[in-house]
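Working notes, structure below.
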Amino acid sequence: ASIPLHSVNLSLPRTIFQLSSVSVPASEDPEPGWQRPRFYSIAKPMSIELPKQYDPHEAQQRWLTFWDEHGFFHSRPEPGRTPYCIVIPPPNVTGALHMGHALNNTLQDVLIRWRRMQGYNTLWMPGTDHAGIATQAVVERRLRVEEGKTRHDLGREELVKRIWQWKDQYEARILRQLREMGCSCDWARTRFTLDPVCARAVRVTFFKMFRDGLIYRGKRLVNWDTQLQTAVADDEIFHETVKGAFYTFRYPVKGTNEFIRFATTRPETMLGDTAVAVHPDDPRYQHLIGKTAIIPLVNREIPIIADAQLVDPTLGTGAVKVTPAHDPNDYQCGLRHRLPMINILNPDGTINENGGPYAGLDRYVARGRVTEDMEKLGLFDGREDRDIDLAHSDRSKTPIEPYLSDQWFVKMADLAQAAMDAVIDGRVKFFPERYAKTYLDWLGEKRDWCISRQLWWGHRIPIWYAYCPEAELKRAFAGRDDVVWRLDEENTRWLICALEDLPPDALGPKYPLEQDPDVLDTWFSSALWPHSTLGWPGPALPDQEPGPANPDWQQMRYYYPTSVLVTSRDIITLWVARMVITGLYNVGEVPFHHVYIHPKILDAFGETMSKTKGNGIDPLDIIERYGADALRFGMVHIATETQDSRMPVSNVCPHCGTLVPVKREHMYMQTRKVTCPSCKKPFRPGGPWPDEDPDLPTAKQASERFEIGRNFANKLWNAARFLLMNLEGYAPGALRVEELPIEDRWILSRLATATAAITEQLEGYHFSDVARTIYDFTWSEFCDWYVEMSKGRLRDPAGRAAAQRVLVGVLDAILRLVHPVMPFAAESIWQALNEAAFERGLPVPEPSAESVVIAPWPAFPAAWTDLAVEQRIARMQDLVRAVREVRSRYDLKTSVDVFVRCGETVADDFRALAAFITLLAGVGRLECGPNVQKPPQSATHVHPDFEAYVSLRGLIDVDAEAKRLEKQLAEKRKHLQGAQAKLENPNFREKAPAEVVQQQRDLVADLQNQIRAIEANLRELRQA
RNA sequence: GGGCGCUUAGCUCAGUUGGCUAGAGCACCAGCUCGACACGCUGGGGGUCAUAGGUUCAAGUCCUAUAGCGCCCACCA
C-alpha cells in the first residue's frame, strides 16, 4: 500500500517532492474509526521554498485530515502505559461556542498535546450538555416568536422532538468549532449528557441514592418562574433593581384597641400571612407577644410571635408580617415556629383559592386591590416609592416568586463532607490554590440540593407513584432488586424507584402507576460526567462488582481518576464540587487530581462576555481572520494566574473592511445598525442576533489581541523558510557541543534554558508564561540573533555544515515546543522539514516522527546551559546595539570603523566574534585591545567591560554628541548617588546579605569608572 | 453585608521567595524594500507602579486603611 502523494503535499512546487518509498503496515486493528499510524521514509535533502506568508487556512484543512487519518487522537487502554485523561467541560447545546470556550478548550488541548508528546496515553473526552432549562427556554422562545405558540400548544412529546432537532444542529456546530480550533479530542468517544450511556449512569445513581435514603421528596420554598412555570435554581436567577414601593399597613390586635403596624413591598402576600413577628427584646411590643392579630381581608387570626432571627428592631416599624409560603426568611421562621404555610399562588402567578375574594386575579392586580381594600378599612398608612432589588429568572427575564412546592432533594450532609475531605487532604488540588476556599465554603453550608425541575427536556425522574397496600408492591416486584419503594412524607403514597421504566400496569389494573412528570436538574447528569463518559457503571447492577469481564469497567479503571479538570471559576460550586461528590459516591475515588481554574475574558469595558450582552465573539470569526494558531496563541497568552483579561472587540465593516470598535451602545441588541465611519455604509454589528437580516449585512468580528499570534506564526514560518532555502548539501551528523563555536553554544544554552522553563511552566499551569517564553526565545534570540549570525556562516564552506545542523536542530526543537500552542503552523513546518532534513536533532540526529503530534517532547542536558557564554554574547550584543544606535542617530548608510578599548580577554572575544559584529552592526574596521586609542572625531559608548568609539570623521556634530554624553553623565551620576547612599548606610552594610552588599560595591565601582570615562570623552570632544 | 481578585506606559498585560537603572506586544516618532519575514528590520520617546499610612538596611512586591473596578456567596419585612 502507499500513501497518495496529495496526503502529504505541502502546496509546494511539485518537483521538489521526491518521496522515495512509502509503506503502510497491514492493518488488523478491529476497532472501527481507529487507524494504525502509518510510516514512510523520506527523500534526499534539498533546498525547498515555501510561500512568503503562512496560510493558516490551508494548513488547518490539510492537517486536520492528516491527523484524523492517522488516528493520533484516539486512545485505548494500554496497561503498560500511563494514561493522561481530561474530560471536556461539556458545552451547552444552547448555542455556538464563544471566546470563553475557546480559552477553555485551547488550554486543555495544550495540556493534552504536550502530554501526548511526553509519551502518555492521552485521552481527551469530548461531548456536550443538554443544559435542561437553558435549551428548553431557547427553543420555547423561538416557538413563541416564530409561531406564536407555547409549549402547551405543542405538548410534551412534540416539544422534546423540537429540542432534539435544535440539539442536533448546535451539537454539530459546537463539534465543528472544536475541531477547527484544532482540539485533539478522541472524537469517536463523543458523548451527550442525554445519550444512553449517560442516561444509564443517571438512572443507576438516582436508584442508589434513593435506596440509600439520600434522595427525598418534600415541600420546599423554591424560586418559581411564573412564565416557564418551573422552579429555577439559585444560580439561574439574577437580581435587578425595579421601581416599587414600601406599603405600611395595620392589623388590629384581637381583644384590644391596639393595632400592630408593619411594612411590605408585596401587599398581596397578606393573604398568606400566618403570623406577625417582633423582636423578643423590643420594649414597644413586649405586651403584644402571644396575642392574636387579625387579617381583615380574609378574617384570619394569626399569632404575634417573637423571633430574633427574622426581625431587626431597628428597621421599619420593628414588626414583620410572616408569609412562610412566599418568602425565604419567613419560611425559615415558619419552620421554627411550626406556622401553617398557606400557598396563595397558582403556578401561573395568579392568586389561588386560598386568596378568597381575590382568587383568579394576577398577583399584581391583587396587590392593588388588597391595598385599596385595606385603605377602605382605614388600615393603610401610606406608601413610599422605593427601588427594590428583585430576583428575576435568567431564562424568562420575569420576576421570581418564592413558591412552596413539592420537589426532590439530595441530602448533602455526608456527601458534602466527603467531598470537602478530598480537597482538605490533597486528593484534589486546585490551581490557583485559593479557589479551594470557594469550594470548601460552599460545600460547608451542606444545603440540600434540589434536583427536580418542572421541565420537559432532561432526564425524567425515575419515580412512579402508587396508592396501594404494600403487599401489592411486594407481590408485583418479588425477586427484583432493581425496584425499591418508600412512603412519601404524608404517608399516603408510594414512591417507587426503578432502574428500568415501569409500565403503568405493573401493579395490575387496580393500582395504576403514574410517573413523576419532572426532570432532573441538568447538573445531576453533569455531575457524573467524568465516570459516566468512561462507561460507568456498565451493564452491571450497582451492588455487583463488575469484575474483569466487563470492558467498560476495565476502561474506567484505566482512565479514572482523570488527570485534570480545566474550567472557569463560576462553576466551582455547581459542577466541580458535585463531580467530586458523585465520583466519591459512585466510584469511591475522586474524579480528577487537579482542578485548573483559568481567568475570564472580559470585553473592552471590563464586563464578562455573554450572549445577552452581545459583546461576545465567535471563535470562527477569529479563525477566519487570523487563523486557528493565532486564536490559540492569543488564548494561551491571555491565561495568567490572577488577572481576567480585557478584549476590545471590533466589527469588521462588511463593505470596506474597516475595523469599527464595539461601543457600549452596541450591546444588548440595542443598535441594529451602525454606519461605517470610513465608507459611510450601514451594517449590522456582529453578535447574538437571532435571525438573518436580509437588508443589512452583518459584520464579522475581530480583535487586535490576536495579531500577536498571527504575526508569530508568520515569523516562525519565515524562519523556517529561510532555513529551507539554505539546506542544500545538508548532511545529518552528530555534534559535540563542547567543540562548537561560541554562537552555537550560546543558542544551545538558551534553548536548554527555554525548554526547561516551558516544561516547568506547563507543569504549573502557567500558560501565559509558556506563550511568552516560546515567543521570546524564537523571536528575540533565535531569529533576531542566531539566524542573523548564521547568515555569514552559511556562505562559508568551512562553517556551513555545522551551522545547518544546529539551525535545523534548534528549529526542530522550537517546532516541538510550539506545537501544543500552534499545532497547525508547527505541523506545516515539521512536514516541510521532513522533506528537507528527515534526520535531524541535537546532539545526535535521528529519523523524525511522521508528525509533530507524536514527536517526543524535548529535553536537553542541564550542562548545555552556560552562563559564561551567555554573558559573552550579551556583551557582544551591547556593542552591536551601541554601534547601531550611532548609525541610526547619524543616519549612516555606509559601514563605520569601530575602536574598542578593553582588556585582552574581552578583546579576544570580540575578535572571535568579529564576523558577526561587522555583519550585524555594519562595521568596516574593528580594532580592539587595551591600547586602542580614541580616534579624534568619534561617538563614545561606555560599558562596564569596554569603551567603544565609532569614528565619525567629518560627520560629527560636536554639540549634539556633547549633549548626549552630558545626559548620560547626569543619569549615571544620579544612579551613583543612590547607590552610594545605600552603601554609606551602616544598617545596610550590616543587615543586608553579604552578596547584596558586594553587588552594590561592584555597581558603585562600575559607575565611577564609567563616569570617569564619559568625563574624559567629554573633555576630548570639547578640545577637538 | 461576607468572601476572592484587580488597579503598573495612550491601550492590553508581565513583573517568581522584597535586592542592580520596572519589562513586553500594540499604538507613537525617525530611518530602512539589504535575498526569510512590512504579519518585517533598526533605533527612539513614553511610567510619582490607584491614594494615604506602616514594616524593613531595602517595597511595584509585605501589612493596614481609603477610593474605584470585577466576580462569587448571602440578604434586603
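Each chain gets a letter, A, B and so on, in the order its sequence line appears, and its residues count up from 1.
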If you measure from the [atom1] atom in [N] to the same atom in [M], how many Å do you get, rounded?
| N | M | atom1 | result |
| --- | --- | --- | --- |
| B:rU33 | B:rC41 | P | 16 Å |
| B:rU7 | B:rC62 | P | 11 Å |
| B:rC49 | B:rU8 | C1' | 4 Å |
| B:rG25 | B:rC20 | C1' | 26 Å |
| B:rG15 | B:rU21 | C1' | 16 Å |
| B:rG46 | B:rC63 | P | 33 Å |
| B:rU48 | B:rA22 | P | 12 Å |
| B:rC75 | B:rU56 | P | 44 Å |

Original post:
Dot-bracket, RNA chain B: Watson-Crick or G-U, under 3.5 angstrom, [ ] crossing, | other strand?
Top reply: (((((((..((((.....[...)))).(((((.......))))).....(((((..]....))))))))))))....

Any base atoms under 4.0 Å from [X], or only sugar-phosphate, or nothing? Heavy atoms, all strands.
| X | answer |
| --- | --- |
| A:Arg881 | sugar-phosphate |
| A:Glu788 | base |
| A:Pro986 | nothing |
| A:Lys52 | sugar-phosphate |
| A:Ala263 | sugar-phosphate |
| A:Thr265 | sugar-phosphate |

Which label fits [X] and [Y]: parallel for a plane angle under 30°, tilted from 30 to 60°, or perpendicular past 60°?
| X | Y | value |
| --- | --- | --- |
| A:His637 | A:Phe633 | parallel |
| A:Phe777 | A:Phe782 | parallel |
| A:Phe712 | A:Trp779 | parallel |

Subject >> A:Lys791 NZ/CZ over A:Phe722 ring centroid, <6.0 Å and within 45° of normal >> reply: yes

Original post:
With the threshold set at 4.0 Å, does a side-chain nitrogen-carboxylate oxygen contact exist between A:Arg889 and A:Asp891?
Top reply: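 Answer for the salt bridge query: no.
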
**OP:** Using a strict cut-off of less than 4.0 Å between a Lys/Arg side-chain nitrogen and an Asp/Glu carboxylate oxygen, indicate whether A:Lys600 and A:Asp570 qualify as a salt bridge.
**Re:**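 Salt bridge between A:Lys600 and A:Asp570, a charged N being under 4.0 Å from a carboxylate O: yes.
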
Subject >> Strand-adjacent residues in residues 889-896 of chain A, judged by heavy atoms under 4.0 Å from RNA chain B >> reply: A:Asp891, A:Lys893

Can you find a side chain N or O atom of [X] that sits less than 4.0 Å from OP1 or OP2 on [N]?
| X | N | value |
| --- | --- | --- |
| A:Trp442 | B:rG2 | no |
| A:Asn711 | B:rG25 | no |
| A:Lys791 | B:rA36 | yes |
| A:Arg646 | B:rG70 | no |
| A:Thr640 | B:rA14 | yes |
| A:Arg434 | B:rC4 | no |

Subject >> Residue whose nearest RNA chain B nucleotide is more 5′ - A:Thr264 or A:Pro993 >> reply: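 Residue closer to the 5' terminus by nearest nucleotide: A:Pro993.
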
